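Numbered from 1 within each chain, the chains take letters A, B, ... in sequence-line order. Note that the structure is a prediction, hence the values are computed from the model and not measured.
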Amino acid sequence: MPRTLVKDALAATAPNEAIFLQGWVRTRRDAKAFSFIELNDGSCLKGLQIIIDATLPDYANVSRANTGASVEVHGKLVESKGQGQKWEVVAEKFTVLGEADATYPLQKKGHTLEFLREIAHLRPRSNLFGAVFRVRSRLAYAVHQFFQEKDFYYVHTPIITASDAEGAGDMFRVTTLDVGNPPKTEEGAVDSTKDFFGKKTFLTVSGQLEGEIFATALSNIYTFGPTFRAENSHTSRHAAEFWMIEPEVAFCDLQGDMALAEEFVKHLIRDAKEHCAADLEFFSKFVDKDLLARLDFVLEKPFVRCSYTEAVEILNQSGKTWEHSVAWGDNLQSEHERYLTEEHFKCPVTVYNYPRAIKAFYMRVNDGCAPDRQTVAAMDLLVPGIGEIIGGSQREERLDLLKAGMALHHLDEKNYWWYLDLRRYGTVPHAGFGLGFERMLMFVTGVANIRDVIPFARTPGTAEF
RNA sequence: UGCCCGAUAGCUCAGUGGCAGAGCAGGUGACUGUUAAUCACUUGGUCGUAGGUUCGACCCCUACUCGGGCAGCCA
């Protein structure tokens, strides 16, 4: 007999004389003449109630069906006589496949998120993490759906790379050299020409530069894959390994880029609300009471657009005392970003046109708007509770100005010869952005720590699973 | 990397310079429809590690380890 998933059994429209289910015991409640078991198979948040009568030959198995045990049930799907559920299963055959004894760490009690991180191999069996990872799966699908339906092509940019998208930032080194005894040059330095690729290589920090190659061929592309930062960050919103979505659009300027970012974020929220309603309700009840209201609010309101120069004025006229003062030319600090999105505008804010000196070399220099040639066409999308969720820009398509940007950032043109070629041959205005997938999940679920929206978090000092 | 907080039963947490506590989980029993069932009884401890102060340290001090928060860096 084919297995029925719990989510399908719960959605039944009529009783079923013969049904077969498999899953894990969440809780068992014994009475004198029968036992109730709540069966969960991960297909949805809710479990299905199983009733096993004490007169059943298999009733002897029930005492071994503790929380966490894997079981299978043949029986009838009937309307429940009790409150709290529409359907339940009256067991006819009940088997315990794998017991879970008293050492099973996941109790039917509240656990701290910190404890659950230590049992990352078991936490997907909890309500919270089951919901988080169902939403994660659905949103990954929605990412592809959004771009595919807009005629964007999905490009697989390399994980191992010899280029550094920012010219800064710590990267993980990829090598097959014997770290204890590497080959040396005559000067005594490690000889990377003897390494696997004949040069220094790293785990990618961004697929953007390679994405630009494909945007200047296929017009609209996106990447969606893992990225790596070897930064020693100890915060609730940084991980050493995370997933990023990076669209790149040819014949597009910063305005178009900001519009795409807003449409994309709203699409993901709308999709989660439509397809993960039960899970979002759970988050709203147990994680963040304001979640659903906030998501609705974000869907309804246009995102505020605010130039960097305006933002600095707002911050200086706020009357607030800042830990870090703000002068034109300074980077906006977390406290400033949070004030803009959480207190001043109280909605997502796109800050654009940042000072040239504090942004990456590939961002397009603004001319024709004050202060002339001092800003670049960059934008950051800030959301309440998280801060920066998207960073993007129009790219510098003019060869001479791109070279000047590289000189400003002390980058060697030789390492970027292929990137410069894109400007030598058929260059076009183009723009793109990067969305941190985990940060988006934090925003959609209300879960406050990035370690809890990725299956196996990689943070400094932690790579157990 | 800097600053701050924490570590007590399997889990969540109280606790006081002088006999180590509760709830849940586990065990035993009760209960004819439960909903993290309920009720009674019950097992369970190197108080993170190493030093120090003290007649006496889970408690005070120092270092270390681990976890967490904030900041920086960013997505």
Side-chain angles (χ1 to χ4, degrees), chain A residues 26-38 40 46-55 63 66-68 78 80-85 88 90 100-119 122 126-127 165-166 168-170 205-208 226-246 261 286 322-324 331-338 358-360 380-383 386-392 433-443 448-454 459-462 464:
Chain A
R26 278 297 171 80
T27 177
R28 188 182 89 222
R29 295 177 288 272
D30 297 326
K32 191 171 192 176
F34 45 83
S35 288
F36 298 102
I37 280 176
E38 189 187 328
N40 188 289
K46 233 173 126 44
L48 183 60
Q49 179 159 283
I50 313 292
I51 290 113
I52 305 133
D53 198 278
T55 60
S63 66
N66 293 326
T67 299
V78 300
S80 177
K81 290 184 219 164
Q83 304 294 311
Q85 62 278 316
E88 63 189 17
V90 177
D101 68 13
T103 62
Y104 183 61
L106 264 184
Q107 298 160 21
K108 38 187 180 180
K109 239 326 221 177
H111 297 282
T112 60
L113 294 172
E114 290 80 5
F115 171 69
L116 291 167
R117 275 172 218 148
E118 293 170 9
I119 51 166
L122 296 172
S126 67
N127 283 333
E166 306 290 336
D170 297 316
V205 294
S206 165
Q208 179 202 315
T227 43
F228 307 88
R229 306 277 166 93
E231 284 149 10
N232 193 17
S233 297
H234 295 265
T235 82
S236 55
R237 58 192 191 286
H238 289 86
E241 176 181 312
F242 63 99
W243 285 61
M244 191 154 62
I245 297 126
E246 296 181 286
F286 294 106
W322 303 109
E323 196 175 323
H324 306 267
N331 242 321
L332 298 184
Q333 308 293 316
S334 281
E335 57 175 338
H336 308 136
E337 295 181 344
R338 296 189 73 130
I358 58 171
K359 285 294 182 180
D380 285 348
L381 176 58
L382 314 175
V383 297
I386 294 163
E388 186 176 341
I389 195 169
I390 280 177
F433 62 81
L435 170 78
F437 189 50
E438 284 76 18
R439 289 193 182 171
M440 186 66 207
L441 280 165
M442 290 166 71
F443 189 66
N449 197 308
I450 197 167
R451 299 171 180 87
D452 299 325
V453 294
I454 189 165
T459 51
T462 304
E464 178 68 22

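- Judged by centroid separation below 5.5 Å and plane tilt below 30°, A:F242 stacks onto the base of B:rA75.
- Taking the syn range as angles within 90° of 0, the glycosidic angle of B:rC19 is syn.
- Counting only heavy atoms from C-beta on, A:S334 has its side chain closest to B:rG72 among B:rG72, B:rG69, B:rA75.
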Read 5' to 3' with Watson-Crick or G-U pairs under 3.5 Å, [ ] for crossing pairs and | for partners on another strand, RNA chain B gives (((((((..((((....[..)))).(((((.......))))).....(((((..]....))))))))))))....
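- No contact: A:E118 has no heavy atom under 4.0 Å from any strand.
- Using a 4.0 Å heavy-atom cutoff across all strands shown, A:R117 reaches sugar-phosphate atoms only and no base atom.
- Between B:rC19 and B:rC59, the distance separating the two C1' atoms is 16 Å to the nearest Å.
- Residue A:D101 is out of contact with every strand shown, counting any heavy-atom pair closer than 4.0 Å.
- Using a 4.0 Å heavy-atom cutoff across all strands shown, A:E114 reaches sugar-phosphate atoms only and no base atom.
- Counting only distance, with no hydrogens or angles, the side chain of A:R439 and the backbone of A:R237 share a donor-acceptor pair below 3.5 Å.
- For A:L116 and B:rG68, the CG to P distance is 12 Å, given to the nearest whole Å.
- Counting any heavy atom pair closer than 4.0 Å across all strands shown, A:A31 reaches a base atom.
- For the pair A:I389 and A:M440, the minimum side-chain heavy-atom distance is below 4.5 Å.
- Rounded to the nearest Å, the gap between the C1' atom of B:rG67 and that of B:rA25 is 23 Å.
- Among the protein residues, A:T459 comes within range of no part of the nucleic acid, since none of its heavy atoms lies under 4.0 Å from any strand.
- For the OP1/OP2 pair of B:rG33 and a distance below 4.0 Å, the side-chain nitrogens and oxygens of A:Q83 include no atom meeting the criterion.
- Put simply, A:K108 has no side-chain N or O that comes within less than 4.0 Å of OP1 or OP2 on B:rA36.
- A:E241 comes within contact range of no nucleotide atom at all, as no heavy-atom separation falls under 4.0 Å.
- Between B:rC73, B:rG68, B:rG33, one nucleotide has an atom nearer to the side chain of A:S80 than all others, and that is B:rG33.
- Across all strands, A:Q85 comes closer than 4.0 Å to base atoms (heavy-atom distances).
- Contact check for A:I450 versus A:M442: side-chain heavy atoms found under the 4.5 Å cut-off.
- Counting non-hydrogen atoms under 4.0 angstrom, A:T112 reaches the backbone sugars and phosphates but no base.
- Judged by distance alone, with hydrogens and angles left aside, the side-chain atoms of A:E438 form a donor-acceptor pair with the main-chain N or O of A:W243 at under 3.5 Å.
- Comparing A:N449 and A:N331 by the nucleotide of RNA chain B that holds the closest heavy atom to each, the one mapping nearer the 5' end is A:N449.
- Comparing B:rA20 with B:rA57, their P atoms are spaced 12 Å from each other, to the whole Å.
- The side chain of A:Q107 lies closest to B:rA25, out of B:rG33, B:rU12, B:rA25.
- Checking side-chain atoms of A:H336 against main-chain N and O of A:Q333 turns up a donor-acceptor pair under 3.5 Å.
- Taking atom C1' in both B:rA14 and B:rG21, one finds a spacing of 7 Å when rounded to whole Å.
- Set against B:rU34, B:rC74, B:rG69, the side chain of A:R451 has B:rG69 as its closest nucleotide.
- Side-chain proximity of A:T27 to the nucleotides B:rA36, B:rA75, B:rA71 is greatest for B:rA36.
- Across all strands, A:H238 comes closer than 4.0 Å to base atoms (heavy-atom distances).
- If you check every strand for non-hydrogen atoms under 4.0 Å, A:F115 touches sugar and phosphate atoms only.
- You'll find that the side chain of A:R439 is closest to B:rA75, out of B:rA75, B:rA71, B:rU12.
- Closest approach to the A:H111 side chain among B:rU1, B:rA25, B:rC11 is made by B:rC11 (side chain taken as heavy atoms from C-beta onward).
- Using a 4.0 Å heavy-atom distance criterion, A:L106 is classed as making no nucleic acid contact.
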